[in-house]
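Order of appearance sets the numbers: ligands from 1, and atoms from 1 within every ligand. Just the heavy atoms: all of them, side chains too, but no hydrogens, waters or symmetry mates, feed the values below.
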Amino acid sequence: MNATVLITGAGSGIGLAVARRVVARGARAILWDISGAALTAAQAELGAAVETSVVDVSDAAAIAGAPLDGVTHLVNNAGILGQRMEWGALDAEHLQGIFDVNVVGLMMVTQAFLKARVSHPQSGIVNLSSIAGENGGAPGFAAYGASKAAIMALTRAMARDFAPDLRVNALAPGIIDTPIQDAVMTAPDARAQAAEGIPLGRLGAADEVAGTAEWLLFDAPYVTGETIRVAGGRR
Ligand code: NAD
């Protein structure tokens with residue numbers, strides 16, 4: 001398959017799971033992450049089908065300096081949750097730090113992708129939102145929830161503005177068992193307790209989100225502007 005997929009935040013969790021699926025499908029992947037060590041491990045696992053660059057998506061100069069040869073698809077996956085912050089402590093700096101990565105970073109990477117991309121019949125973008133964008137997020141994580149709501153709106157705007165050349169969709173995962181959850185799941189039984197609030201009775205796996213991303217990227221030619229929950233029935 002003649003596709004090259006840029007995946008941000010590809011060193012861990014959902015991004016790495018998407019990279020594995022892209023490579024298994026015979027496509028190339030360009031992996032960006034802020035962690036060089038994570039990228040080295042991903043490169044060792046996935047081999048010549050991937051190329052990696054250390055890129056902080058909130059750093060315009062880093063984005064401009066990273067190679068994007070032959071890119072056809074984009075997965076805007078990099079995202080941060082931030083520390084738990086109750087309303088009394090919430091300040092502009094906290095909110096800005098999260099929006100710089102989750103929203104401004106997504107926008108800057110999308111602009112770089114638009115400049116560099118080469119055409120492909122299934123070309124498209126998948127943005128990682130969250131059900132937190134609908135439910136406001138876990139207590140103490142309001143800024144994260146707000147940033148993920150912004151991604152839903154950006155997805156609809158991009159889908160309208162980039163049609164018919166590109167399809168743009170978002171995923172809204174529920175509680176997926178990746179390292180990002182460590183800030184929320186601090187109690188020893190937190191994962192078991194969280195599972196009780198999920199209709200399917202368990203946390204999701206990164207590969208279950210990646211499977212839906214793969215479908216949106218390559219197998220959903222008439223789907224654009226949608227946000228699809230991958231949440232085990234949780235809202
Ligand atoms: P993760 O923490 O396992 O992986 C995130 C990756 O992004 C890490 O490798 C990290 O180094 C990288 N990263 C962080 N900041 C970056 C930056 N500024 N530039 C480039 N890379 C950066 O998390 P995950 O669970 O795989 O999350 C992936 C995406 O899915 C995020 O956008 C997250 O908000 C979203 N999401 C996750 C869940 C969940 O429950 N895990 C739920 C809903 C949405």
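- Although no hydrogens or angles enter the test, the distance criterion places a donor-acceptor pair under 3.5 Å between the side chain of Ser147 and the main chain of Tyr144.
- Near ligand 1, Gly9, Gly11, Ser12, Gly13, Ile14, Asp33, Ile34, Val55, Asp56, Val57, Asn77, Ala78, Gly79, Ile80, Val101, Leu128, Ser129, Ser130, Tyr144, Lys148, Pro173, Gly174, Ile175, Ile176, Thr178, Pro179, Ile180, Gln181 each place a heavy atom less than 4.0 angstrom from the ligand.
- Of the residues listed (Thr110, Thr8, Asn102), the one engaging Asn76 in a side chain to side chain donor-acceptor pair (under 3.5 Å) is Thr110, and it is the only one.
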field: Full working for side-chain contact (heavy atoms from CB on, under 4.5 Å) between Val126 and Leu74
entry: CA-CA 6 Å; Val126 174; Leu74 167 63; over 6 Å; no

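- Under the side-chain contact (heavy atoms from CB on, under 4.5 Å) test applied with Glu51, the options Ile30, Thr4, Leu39 reduce to a single match, Ile30.
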- prompt: Is there a side chain to side chain donor-acceptor pair (under 3.5 Å) between Thr227 and Asn169 once you walk through the steps?
  reply: CA-CA 6 Å; Thr227 295; Asn169 293 288; over 6 Å; no

- prompt: Please walk me through it: do Thr155 and Asn127 pass side chain to side chain donor-acceptor pair (under 3.5 Å)?
  reply: CA-CA 7 Å; Thr155 299; Asn127 296 323; 3.0 Å; yes

